[in-house]
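Notes follow the structure.
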Amino acid sequence: MNKQKALGTLLCATTCLAAGSLLADEINCKNGSVFVGEIQSIDDGIATIKNSADDAGETKVKQSEISSISSSQSLNLRLKSGETLSGALAPAPEAGKLLVGEKMISVEDITSSWLIDGKTPEQREAEKYDYVWSFEVGLNVTGTTGNSESISCGANFQTEVKNIENDLKLYVKYNYGKTRDSGEWSKSADDLHAGFDFTSEFAPPWFWYARTDLGFDRTQNIRFLDTSAAGFGLNIIKQDDWNFSIRGGLSYRYENYRDYMGTWDEGDDPDNTNTFGLDIGISHDYSWGWGKIVTEINYVPGFDNFLGNYYIFHETYVQVSVKDFDQMYFRIGIKNEYRSETASDEHLDITYYLQLVFAWE
């Protein structure tokens, strides 16, 4: 009895495995490699197959390396001749050939394929250039007490619209803070930045860009500031979860001063900053399942005094997703701004922050 049960179990398992094998698509390569799963598409000389294991992702195989294809599902195929066929694929007796119904074709004849109920190559190509909008709001409030007391708050709003080639970011950021020392409260932060950053890939991985940052910084006695730049860049890494780019161009920087902090001597009237120069930037971000890290660095030296008149900006933050809230994140970061020429005694602003971010599309 036990032998009969064991035999039945073995037969059942063998049948299931055989059925699973029959239901799977298969790509055989000239070097002997075999990929089993579900064929997603054949486009631009690349065949994409979704691997059988749920967590194994997709494999891309060069069409020139394929010797035969078999599919349990029917596919739409477009040939070099312009003809469209529909049906399951099977290896033909002749090497490098396939059978679609009773018609025999070569692997090289296929220019594109798509699932019977799937999107055509034209529809997939059009989707690459569809613009996607995203929005982000961030809020932070921090305070300290003890030998000195301080309180600061900040808010930012950003919207981004992009497709496969173009990326436009529009933003507004405001920070305000006060510190009390020896019973007196003094302003420690009061700055506003608003602007845009636009990039466009004209010959991937190369792109051109233009950006403008407008605002004020009253703790640095800056009534109005403008940093604008344009140039070219290179996407060294551009993946769904990892991006690294560098860029460089020409810049224009203007700063108009006023004694907000009451630190000027009577009669002092510093010259405004008004200079053309270079713009050099580095951008990096890396994402994983529950978070990401982002770094932005910009160096803007002026032509009039290349080593003595410059602006440096740096920001790095780690973003962590909030469990059970898909659109909510925490950011822990540091931001540095250094202006070599200002009307303030303090040239360097360093901000540490913990921010709650809401993001949606």
Side-chain angles (χ1 to χ4, degrees), residues 125-138 155-175 191-217 224-255 274-287 292-303 310-317 319 331 333 335-337 339 357-361:
E125 185 66 20
E127 282 184 348
K128 292 181 181 179
Y129 299 94
D130 287 344
Y131 282 95
V132 177
W133 287 83
S134 61
F135 305 89
E136 176 185 296
V137 174
N156 69 272
F157 172 78
Q158 176 177 293
T159 181
E160 182 176 9
V161 55
K162 65 179 180 179
N163 61 15
I164 194 172
E165 291 182 344
N166 304 315
D167 188 350
L168 172 63
K169 296 177 183 177
L170 302 169
Y171 63 87
V172 178
K173 303 176 182 179
Y174 179 69
N175 290 289
D191 60 87
L192 172 73
H193 291 267
F196 74 86
D197 191 308
F198 177 76
T199 62
S200 179
E201 281 191 314
F202 63 90
W206 295 95
F207 64 88
W208 68 269
Y209 75 93
R211 69 183 186 92
T212 289
D213 182 63
L214 306 172
F216 60 78
D217 189 336
F224 176 75
L225 61 86
D226 173 12
T227 303
S228 299
F232 299 94
L234 173 65
N235 286 314
I236 299 174
I237 301 172
K238 188 176 182 181
Q239 301 175 6
D240 290 340
D241 59 353
W242 191 12
N243 295 280
F244 177 58
S245 64
I246 58 175
R247 60 187 186 180
L250 299 177
S251 68
Y252 170 73
R253 186 159 59 92
Y254 175 78
E255 294 172 8
N274 188 1
T275 182
F276 289 91
L278 296 179
D279 180 61
I280 301 169
I282 298 174
S283 177
H284 176 267
D285 65 81
Y286 180 76
S287 303
K292 69 176 180 179
I293 184 169
V294 177
T295 295
E296 299 282 346
I297 300 174
N298 265 104
Y299 173 54
V300 187
F303 287 141
Y310 57 88
Y311 166 66
I312 297 177
F313 173 84
H314 159 257
E315 182 175 18
T316 295
Y317 66 81
Q319 178 170 291
R331 280 183 189 164
K335 183 174 68 173
N336 305 287
E337 287 187 85
R339 301 176 188 273
V357 178
F358 300 89
W360 68 95
E361 294 183 356

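Model, not experiment: these values are computed from the prediction.
- Scored by the ring pair (Phe, Tyr, Trp, His ring centres under 6.0 Å) test, W206 finds no partners at all (sequence neighbours excluded).
- Under the 6.0 Å cut-off for aromatic ring centres, F216 and F224 do not qualify, their centroids lying 6.0 Å or more apart.
- Contact detail for W133 and T159: the closest heavy-atom pair is CE3-OG1, 3.6 Å.
- Figure legend: cation-pi geometry between K173 and Y171, with NZ or CZ positioned under 6.0 Å from the six-membered ring centre and within 45° of its axis.
- Counting all heavy atoms, side chain and backbone alike, S283 lies closest to E296 at OG-OE2, 2.9 Å.
- Between atom CG of residue D191 and atom CG of residue L225 there is a gap of 9.0 Å, rounded to the nearest 0.5 Å.
- Legend: salt bridge (charged side-chain N to carboxylate O under 4.0 Å, His left out) pairs involving residues 199-210, not counting sequence neighbours, sorted by first then second residue: E201-K238.
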| request: Begin with the C-alpha distance, continue with both residues' side-chain angles, and end with the deciding distance and a verdict on side-chain hydrogen bond (donor to acceptor under 3.5 Å, both in side chains) for D279 and Y209. | output: CA-CA 11 Å; D279 180 61; Y209 75 93; 2.6 Å; yes
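- Take D130 and apply the side chain to side chain contact (heavy atoms under 4.5 Å, CB included) test, not counting sequence neighbours, and it matches E127.
- Atom CZ of F232 has 12 or fewer neighbouring heavy atoms from other residues, nucleotides or ligands inside a 6.0 Å radius.
- Closest heavy-atom contact between Y129 and N163: O-ND2, 3.3 Å.
- Legend: residues meeting side chain to side chain contact (heavy atoms under 4.5 Å, CB included) with S287, ordered by chain and number and at least two apart, are D241, K292.
- Residue F196 holds its CZ atom at 4.0 Å from OG1 of T212, rounded to the nearest 0.5 Å.
- For the salt bridge (charged side-chain N to carboxylate O under 4.0 Å, His left out) test, residues two or more places apart in sequence or in another chain that qualify with E136 are R331.
- Partners of H284 under the side chain to side chain contact (heavy atoms under 4.5 Å, CB included) rule, at least two apart in sequence or in another chain, are W242, F244, Y286.
- When side chains are defined from C-beta on, F358 does not count as touching F135, because their heavy atoms never get closer than 4.5 Å.
- Summarising the geometry of E361 relative to S134, their closest heavy-atom pair is CG-CB, 3.9 Å, with the distance given to 0.1 Å.
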| task | Could you walk me through whether D217 and R339 pass the salt bridge (Lys or Arg N to Asp or Glu O under 4.0 Å) test, one step at a time? | result | CA-CA 11 Å; D217 189 336; R339 301 176 188 273; 5.2 Å; no
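- Two residues are said to be in side-chain contact when any heavy atoms from C-beta on lie closer than 4.5 Å; Y311 and T275 fail this criterion.
- Of the candidates N298, T295, N336, H314 forms a side-chain hydrogen bond (donor to acceptor under 3.5 Å, both in side chains) with just one, namely N336.
- A heavy-atom distance below 4.5 Å is not found between the side chains of I280 and I297.
- Using modelled atom types, one side-chain atom of S251 and one backbone atom of L278 make a donor-acceptor pair closer than 3.5 Å.
- N243 and S245 are not linked by any side-chain donor-acceptor pair at a separation below 3.5 angstrom, with hydrogens and angles left out of the test.
- Checked by atom type, the side-chain pair E165/S200 shows no donor-acceptor distance below 3.5 Å.
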| Can R211 and T227 be said to form a side-chain contact (heavy atoms from CB on, under 4.5 Å), step by step? | CA-CA 8 Å; R211 69 183 186 92; T227 303; 4.1 Å; yes
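- With contacts defined as side-chain heavy-atom distances shorter than 4.5 Å, the pair N166/Y131 qualifies.
- Remark: L168 CG to K162 NZ distance equals 12.0 Å, nearest 0.5 Å.
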